[in-house]
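One structure below.
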Amino acid sequence: MNRTFALVDCNNFYCSCERLFRPELKNVPVVVLSNNDGCIVARSQEVKDLGIKMAIPLFKVMDLIKKHQVQVFSSNYTLYGDISARVMQALEEFTPNLEVYSIDEAFLDLSGFSDLEEYAKKIRSTIYQHVGVPVCVGIAPTKTLAKLANYGAKKFKLTGGVVDLSDPERQKKLLAITPVSEVWGVGRKHTENLKKIGITTALKLAQMDTRQIRRHYSVVMERTVRELNGETCIEFDDSPEPKQQIMCSRSFGERITDYSTLRETVCEFAARAAEKLRGEDQLAHVVNVFIRTSPFAKHDPNYSNSATGKLIQPSSDTRNILALATKLFDSIWMDGYCYAKAGVMLGDFCSPDQVQFDLFTPKAAEAHRDKLMQAVDTINHSGQGQIWFGGQRPEKDWFMKQAHLSPAYTTRWDSLPLV
DNA sequence: TCTGGGGTCCTAGGACCC
DNA sequence: TCTGGGGTCCTAGGACCC
């Protein structure tokens, strides 16, 4: 059967969220920064037109920002997460076959649907009316081509934000004018290497011999080439596998030089990671802790290290994870450095009903642990206050810079916009 | 002065098995 | 002097995604 995929992708998503409750920013240049106000991670069209690149550190373009009075925002993930949920909910009205691919995009399996372009236009106008965020829709027989169609819909205004690539002739036309770097799965390295052998457009890549691609690159790239030719290799996946790894890490607003403060931040990350783990209803076997100085600091000595350890048995109990994380931290801590970032990773997961219990721990004790962690999570999510473990540092004074944070308009009573 | 925070998948190579 | 052939598992590192 012929497959049909649609990719719905929000336009400049974070910027659109910031504009939602600030309509006066509609035709004004807007950027959103990464955590710690470091890099630019979202740009409105006006900013793209100024030639400001994605992921560039803010300080490098400060002159342009000031000159054009660009409105600058710190990331407000509470807001973006909520708006994203609304977009996805609205999309579910159009098909139950929805794969939420990232915070701002989703694949829809529209196999068997007709009048695709009309349907896509309806999706666009509905999302805009119900949520207020502009989206573009790309339609094609494979996900990679749907991505490409979406690129076309965004790039060429005359398309009205919808491109249907069901027709192979139209595919070819778009492939011919698309730089190979825009293809899903082709990153910086591959772009460079492809350029050396004269492959500069998506069409040239699509016309390459798959055996040659596999030999010189990988099966991943081979799949990309096949997908560009309309052969489905990347399946639709509306019930993703549970996570295999959970990470919690941050760069610091200010460098940390003393043992106890860095230890407290590591505990903070470990506790947060354990909480995420319980949210996934999984147990972790392996814990990894890393600390590092800034790789950009020219004058300070550099140090970066990590340590990995295994829990006696898989657990999601914050106390077990904290105990191991602090032990690992002590094994890599070095005095005399200016630390810029640290983090905790959990891995090697299993589900609670698969775990091999410790011969020497009575089952009743296990049940108690679970209840204690549940109680902690319930209290911390209630909004009524916080409880934490001894090693943590509840006052997050080491935390990130967020100088331009907008209100949590849709998720806090005291931040509701006034009309 | 100032450089994000998550994830995934694949491959190569080493250790080890019989 | 001659030194097999077939595997598995694990890890580190590199590429990619948003």
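Computed from a predicted structure; not experimentally measured. Hydrogens, waters and symmetry mates play no part in the numbers below; they use all other heavy atoms, side chains included. A note on names: the letters A, B, ... follow the listed sequences, proteins ahead of strands, and every chain is numbered from 1.
Regarding D63(A), its CG atom lies at a distance of 17 Å from the P atom of dC2(B), rounded to whole Å. Rounded to whole angstrom, the span from the NZ atom of K189(A) across to the P atom of dC16(C) amounts to 8 Å. We find that CG of N12(A) is positioned 14 Å from P of dC18(C), with the value rounded to whole Å. Look at NZ on K143(A): it is 12 Å from C1' on dC17(C), rounded to the nearest Å. Per the geometry, NZ belonging to K60(A) stands 14 Å off C1' belonging to dT1(B), to the nearest Å. Residue R43(A) contributes atom CZ, which lies 16 Å from atom C1' of dG4(B) at whole-angstrom precision. Between Y151(A) atom OH and dC17(C) atom P there is a gap of 14 Å when expressed in whole angstrom units. E192(A) places its CD atom 10 Å from the P atom of dA15(C), with the value rounded to the nearest Å.
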Would you be so kind as to tabulate the donor-acceptor pairs closer than 3.5 Å made by side chains of residues 96-103 of chain A, with sequence neighbours excluded?
from    : atom 1 : to      : atom 2 : distance (Å)
E99(A)  : OE1    : K143(A) : NZ     : 2.7
E99(A)  : OE1    : D237(A) : N      : 3.0
E99(A)  : OE2    : K143(A) : NZ     : 3.3
S102(A) : OG     : D104(A) : N      : 3.3
S102(A) : OG     : D104(A) : OD1    : 3.0
S102(A) : OG     : E105(A) : OE2    : 3.1

Sequence neighbours excluded and cut-off under 3.5 Å, please list the side-chain donor-acceptor pairs for residues 6-17 of chain A, or say none.
from   : atom 1 : to      : atom 2 : distance (Å)
D9(A)  : OD1    : K154(A) : NZ     : 3.2
N11(A) : OD1    : C136(A) : N      : 3.4
N12(A) : OD1    : K48(A)  : NZ     : 2.7
S16(A) : OG     : N11(A)  : O      : 2.6
S16(A) : OG     : N12(A)  : O      : 3.3

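Only Y101(A), S102(A), D104(A), E105(A), listed by number, bring a heavy atom of residues 71-109 of chain A to less than 4.0 angstrom from any atom of DNA chain C.
Classification of the F269(A)-F252(A) ring pair by plane angle, with boundaries at 30° and 60°, yields parallel. Ring geometry for Y80(A) against Y77(A) counts as perpendicular: the plane angle is over 60°, on a 0 to 90° scale with 30° as the lower cut.
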Determine, stepwise, if the pair T178(A) / K155(A) fulfils side-chain contact (heavy atoms from CB on, under 4.5 Å). CA-CA 10 Å; T178(A) 303; K155(A) 175 124 186 158; over 6 Å; no

Test side-chain contact (heavy atoms from CB on, under 4.5 Å) on V286(A) and L346(A) and set out the steps. CA-CA 6 Å; V286(A) 165; L346(A) 305 179; over 6 Å; no

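At the heavy-atom level, V32(A) lies nowhere under 4.0 Å from the strands shown.
Side-chain N or O atoms of D164(A) include one that pairs as donor or acceptor with a backbone N or O of S166(A) at under 3.5 Å.
For R3(A) and E235(A), the salt-bridge test passes: some basic side-chain N is under 4.0 Å from an acidic carboxylate O.
Remark: K53(A) is not in phosphate contact with dT3(B), judged by side-chain N or O atoms under 4.0 Å from OP1 or OP2. Distances shown here put every side-chain N or O of R188(A) at or beyond 4.0 Å from the OP1 or OP2 atom of dC17(C).
In this structure, Y259(A) has its ring center no closer than 6.0 Å to that of Y339(A). Taking the six-membered ring for Trp and the full ring otherwise, the centers of F5(A) and W184(A) sit at least 6.0 Å from each other.
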So if I define the base as every atom that isn't primed, P, OP1 or OP2, how would nucleotides 5-12 of chain B read as a B/S/- string at a heavy-atom cutoff under 4.0 Å? SSSBSSS-

Toss me the dot-bracket line for DNA chain B: Watson-Crick and G-U wobble, both under 3.5 Å, 5' to 3', using | for pairs to another strand and [ ] for crossers. ....||||||||||||||

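Between the side chains of T318(A) and R278(A), at least one donor N or O lies within less than 3.5 Å of an accepting N or O.
Between dC17(C) and dG4(B), the distance separating the two C1' atoms is 15 Å to the nearest Å.
In this structure, the side chain to side chain contact (heavy atoms under 4.5 Å, CB included) partners of R272(A), at least two apart in sequence or on a different chain, are C248(A), E275(A), K276(A).
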